[in-house]
Amino acid sequence: MPNVMIPAEVREDVETLWVFHDLQHEPRQVDVCIGLGGHDLGVAEYTAELYHQGLFRQIVFTGANAPTTVDAFPEGEALGYRDHAIASGVPAEAVLVEPEATNTSENLEYSRNLLVEHGVEPTSVLLVSHPYQQRRAFATSQMVWPDVDVLCVSRPQTLDEYVAGVGDADRVVDMLVGETQRLTLYAELGFISHEEDVPGDVIGAFDRLVAAGYTSRLVEDRRPIDV
């Protein structure tokens, strides 16, 4: 059985990474919303909620499949998200699907191309991502889409609420650790923008969690793999 509670001995370090990756962008009215694919159906749920608040009229769900998502979304992450959003009352005509992207850069590049094909060239975009993905998704947008005003948000929830939804605390910690590594590594490789240094307390928390064995999502071979 997966562990569904953050171990007490690493709790403070996990909270440090959780808070760090939350950009605290405030959702507001934009031209287009892009829901980034993955295992977390909360992205589709929150996108639908924001649509019903009238913040945008056009949605793109983007994402193919990964080994961790194929069981949940056999037809692909983007299609699974679309179906869930429509079931939540979003009109089908408001949703475009980009089903090929396998990393965050492709999510944004392919979504931009799809919008152009449909005659949409937004000046403002709201990215809806997983909570641990916000900083890297936003930094990627600054490289891929520098001329567009981009915000990045996730469904508001606490760390414990998110762990309960995923049902596996170790997986959540591994993802937080992996995303923290990618911020520095991908910036060094030129895949994302690098506008600020990672704070010392975040580096310390990362190092201690790696030493504690939360390493399954670390990049070892320096390829831009983020699925």
Side-chain angles (χ1 to χ4, degrees), residues 22-23 25-134 136-138 140-142 144-145 147-157 161-162 164-167 175 226-227:
D22 183 359
L23 292 173
H25 289 176
E26 190 69 27
R28 56 175 169 75
Q29 197 159 36
V30 293
D31 296 330
V32 171
C33 178
I34 297 178
L36 301 175
H39 66 91
D40 182 5
L41 200 55
V43 170
E45 293 171 351
Y46 193 44
T47 299
E49 179 182 330
L50 295 174
Y51 176 87
H52 290 306
Q53 291 178 18
L55 296 189
F56 43 82
R57 293 187 176 184
Q58 181 70 68
I59 297 169
V60 178
F61 287 122
T62 168
N65 254 330
T68 55
T69 63
V70 66
D71 290 339
F73 307 114
E75 296 182 309
E77 298 159 8
L79 286 164
Y81 282 15
R82 178 202 64 184
D83 292 346
H84 189 80
I86 291 173
S88 300
V90 175
E93 59 270 21
V95 183
L96 296 174
V97 172
E98 186 293 298
E100 304 296 333
T102 59
N103 61 57
T104 306
S105 181
E106 290 181 354
N107 287 139
L108 298 177
E109 290 176 4
Y110 297 174
S111 294
R112 179 183 59 192
N113 294 342
L114 179 64
L115 287 165
V116 169
E117 290 173 9
H118 284 78
V120 180
E121 296 191 34
T123 60
S124 57
V125 169
L126 179 67
L127 303 179
V128 179
S129 76
H130 317 303
Y132 55 83
Q133 187 188 14
Q134 285 186 38
R136 185 168 57 81
F138 181 75
T140 303
S141 76
Q142 303 308 289
V144 174
W145 228 339
D147 54 339
V148 170
D149 179 19
V150 178
L151 301 171
C152 187
V153 301
S154 302
R155 182 172 61 175
Q157 58 195 310
E161 289 170 340
Y162 188 69
V166 173
M175 290 187 292
D226 59 4
V227 294

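No hydrogens, no waters, no symmetry mates; every other heavy atom, side chains included, goes into these values. Computed from a predicted structure; not experimentally measured.
- Taken from CD in Glu93 to CD1 in Ile59, the straight-line distance is 11.0 Å, to the nearest 0.5 Å.
- Identified under the salt bridge (Lys or Arg N to Asp or Glu O under 4.0 Å) test for residues 111-122, with sequence neighbours left out: none.
- When side chains are defined from C-beta on, Val30 does not count as touching Pro122, because their heavy atoms never get closer than 4.5 Å.
- Counting heavy atoms from C-beta on, the side chains of His39 and Val166 come closer than 4.5 Å.
- Put simply, the side chain of Tyr46 never gets that close to the backbone of Gly35: no donor and acceptor are under 3.5 Å apart.
- Proximity of Ile34 to Asn107: side-chain heavy atoms (C-beta onward) are nowhere separated by under 4.5 Å.
- Contact detail for Val150 and Ser141: the closest heavy-atom pair is CG1-OG, 3.6 Å.
- A 4.5 Å side-chain heavy-atom check between Val128 and Val153 finds at least one atom pair inside the cut-off.
- Glu161 CD: more than 12 foreign heavy atoms inside a 6.0 Å radius.
- When side chains are defined from C-beta on, His130 does not count as touching Leu36, because their heavy atoms never get closer than 4.5 Å.
- Here the shortest heavy-atom pairing between Cys152 and Ala137 reads SG-CB, 4.0 Å.
- No side-chain heavy atom of Leu127 sits less than 4.5 Å from a side-chain heavy atom of Phe138.
- To the nearest 0.5 Å, atom CZ of residue Phe61 and atom NE2 of residue His84 are 9.0 Å apart.
- For His52, there are no ring-ring contact (aromatic ring centres under 6.0 Å, His included) partners two or more places apart in sequence or in a different chain.
- Side-chain atoms of Glu98 and Ser111 form no donor-acceptor pair, as typed in the model, at a separation below 3.5 Å.
- Applying the salt bridge (Lys or Arg N to Asp or Glu O under 4.0 Å) test to every pair with at least one member in residues 28-57, sequence neighbours left out, gives these pairs: Arg28-Asp149, Glu45-Arg155.
- Proximity of a side-chain donor or acceptor of Glu77 to a complementary backbone N or O of Gly38 within less than 3.5 Å is detected.
- Side-chain N or O atoms of Ser154 include one that pairs as donor or acceptor with a backbone N or O of Ser129 at under 3.5 Å.
- To the nearest 0.5 Å, atom CG of residue Leu96 and atom OG1 of residue Thr62 are 11.0 Å apart.
- Side chain of Gln29 to main chain of Phe56: no donor-acceptor pair is present (N/O by atom type, distance under 3.5 Å, no hydrogens or angles).
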